[in-house]
Student: 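Encoded as structure tokens, here's the structure I'll be asking about.
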Amino acid sequence: MNTNPTPQSSAAAAQRLNDAIKRLRARLRAESGQHAIGLTTTQLSVLASVVREGPVTAARLAVLEHVSAQSIAQSLAVLKAAGLVNSQPDPADGRKKLMSPDPSATDLVDKLLAGRADFLTRAIDRLVAPDEREDLDKAIELLERLASADLDQEPTGDGGGSGGTR
């Protein structure tokens with residue numbers, strides 16, 4: 001029996017995964033109260049990176065967020081105007097600015113993340129049977145692998161892909 005996936009089955013799985021992720025992200029935004037804050041998903045993602053990484057340069061944020069410098073500049077302008085992010089000269093290179101979160105930004109990000117985690121915890125407890133928890137762990141591992149995939153690298157042959165063993 002051939003266990004290698006066809007391009008059509010991979011494409012169908014990719015579309016189902018994309019649709020499921022979009023629905024889950026929308027649900028997490030709604031459940032966390034993100035809609036009421038008035039910031040876009042991109043702006044909140046940049047804010048979370050500043051909270052997590054700060055003080056940090058705009059160039060580093062662009063790399064972390066996988067967006068252009070112009071996109072980061074636009075998001076930072078909104079976050080600065082809202083008083084959520086502060087900038088100061090980089091002591092190592094005065095030409096650069098370091099972005100730091102305002103304490104209110106840390107509280108906001110913590111609140112949003114807690115809301116998302118609370119929803120997911122309740123959903124898992126209610127919808128995932130105890131005998132499905134191992135499947136959930138495997139699904140999370142696969143999602144983490146997909147999220148960190150570097151498709152520009154040559155495959156290593158370490159069995160991390162679709163091998164056909166099951």
Side-chain angles (χ1 to χ4, degrees), residues 3-35 37 39-76 78-79 84-85 99-101 105-106 108-166:
T3 59
N4 291 330
T6 65
Q8 294 83 7
S9 67
S10 293
Q15 186 60 54
R16 284 185 58 215
L17 177 60
N18 186 54
D19 293 346
I21 288 171
K22 281 196 289 191
R23 286 193 318 271
L24 182 58
R25 286 181 54 143
R27 184 69 186 267
L28 291 173
R29 285 192 299 271
E31 293 291 334
S32 70
Q34 178 179 332
H35 294 298
I37 293 167
L39 297 175
T40 68
T41 301
T42 300
Q43 291 161 352
L44 284 170
S45 181
V46 170
L47 181 62
S49 289
V50 172
V51 167
R52 190 176 48 254
E53 301 283 330
V56 61
T57 64
R60 175 75 179 137
L61 287 170
V63 169
L64 291 170
E65 295 294 317
H66 302 284
V67 297
S68 69
Q70 181 180 1
S71 177
I72 286 294
Q74 290 170 345
S75 291
L76 287 173
V78 171
L79 296 173
L84 295 167
V85 172
M99 304 299 146
S100 298
T106 302
L108 176 63
V109 169
D110 288 347
K111 177 184 161 212
L112 290 173
L113 293 177
R116 291 175 181 188
D118 179 61
F119 166 74
L120 286 172
T121 299
R122 288 183 293 121
I124 289 168
D125 287 346
R126 190 170 298 160
L127 300 172
V128 181
D131 63 332
E132 294 177 309
R133 298 295 170 103
E134 192 174 313
D135 293 335
L136 179 60
D137 288 338
K138 288 179 184 176
I140 293 167
E141 288 174 16
L142 288 170
L143 289 170
E144 289 171 340
R145 193 177 337 148
L146 289 170
S148 64
D150 183 356
L151 300 181
D152 294 331
Q153 299 262 332
E154 290 295 319
T156 60
D158 62 3
S162 60
T165 57
R166 180 94 179 127

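Here, residue 1 is the first one in the sequence, and each next residue gets the next number.
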Student: How long is the gap from CZ on Arg145 to CD1 on Ile140, to the nearest 0.5 Å?
Tutor: 13.5 Å
Student: Assess the residue pair Asp135 and Val128 against the criterion (side-chain contact (heavy atoms from CB on, under 4.5 Å)); give the C-alpha distance rounded to whole Å, side-chain angles, the decisive distance to 0.1 Å, and a yes or no.
Tutor: CA-CA 9 Å; Asp135 293 335; Val128 181; over 6 Å; no
Student: Just jot down the side-chain contact (heavy atoms from CB on, under 4.5 Å) partners of Ala62, sequence neighbours excluded, or say none.
Tutor: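 Only Ile72 meet the side-chain contact (heavy atoms from CB on, under 4.5 Å) criterion with Ala62.
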Student: If you apply the rule side-chain contact (heavy atoms from CB on, under 4.5 Å), what do you find for Gln15 with Asn18, and how did you get there?
Tutor: CA-CA 5 Å; Gln15 186 60 54; Asn18 186 54; 4.0 Å; yes
Student: If you look at every heavy atom in Leu76 and Ala58, which pair is closest and at what distance?
Tutor: CD1-CB, 3.9 Å
Student: Hey, is Arg52 close enough to Asp110 for a salt bridge, meaning N to O under 4.0 Å?
Tutor: no
Student: So among Ser75, Ser45, Ser71, which one has a side chain to side chain donor-acceptor pair (under 3.5 Å) with Glu65?
Tutor: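 Going through the options one by one, the only one that passes is Ser45.
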Student: Sequence neighbours excluded, which residues qualify as side-chain contact (heavy atoms from CB on, under 4.5 Å) partners of Glu31?
Tutor: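 Per chain and number, Glu31 pairs via side-chain contact (heavy atoms from CB on, under 4.5 Å) with Arg27, Phe119, Arg122.
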Student: Rounded to the nearest 0.5 Å, how far does CG of Leu112 lie from CG of Leu39?
Tutor: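 CG of Leu112 is found 9.0 Å from CG of Leu39.
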Student: Yes or no on side-chain contact (heavy atoms from CB on, under 4.5 Å) for Thr40 and Val78, after CA distance, side-chain angles and deciding distance?
Tutor: CA-CA 10 Å; Thr40 68; Val78 171; over 6 Å; no
Student: I'd like to know if Lys138 and Glu134 make a salt bridge, using a cut-off of under 4.0 Å between side-chain N and carboxylate O.
Tutor: yes
Student: A side-chain contact here means heavy atoms from C-beta on lying under 4.5 Å apart; do Leu108 and Val51 qualify?
Tutor: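 Answer no - side chains too far apart.
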Student: Give, for atom OG of Ser148 and atom CG of Leu143, the distance between the pair rounded to the nearest 0.5 Å.
Tutor: 10.5 Å
Student: To check you understand the geometry: which heavy-atom pair defines the closest contact between Ser32 and Arg116, and what is its length?
Tutor: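 Heavy atoms only, the tightest pair is CB-CG, 3.7 Å.
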Student: Just jot down the side chain to side chain donor-acceptor pair (under 3.5 Å) partners of Thr41, sequence neighbours excluded, or say none.
Tutor: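 With neighbours one apart ignored, the set is Gln34.
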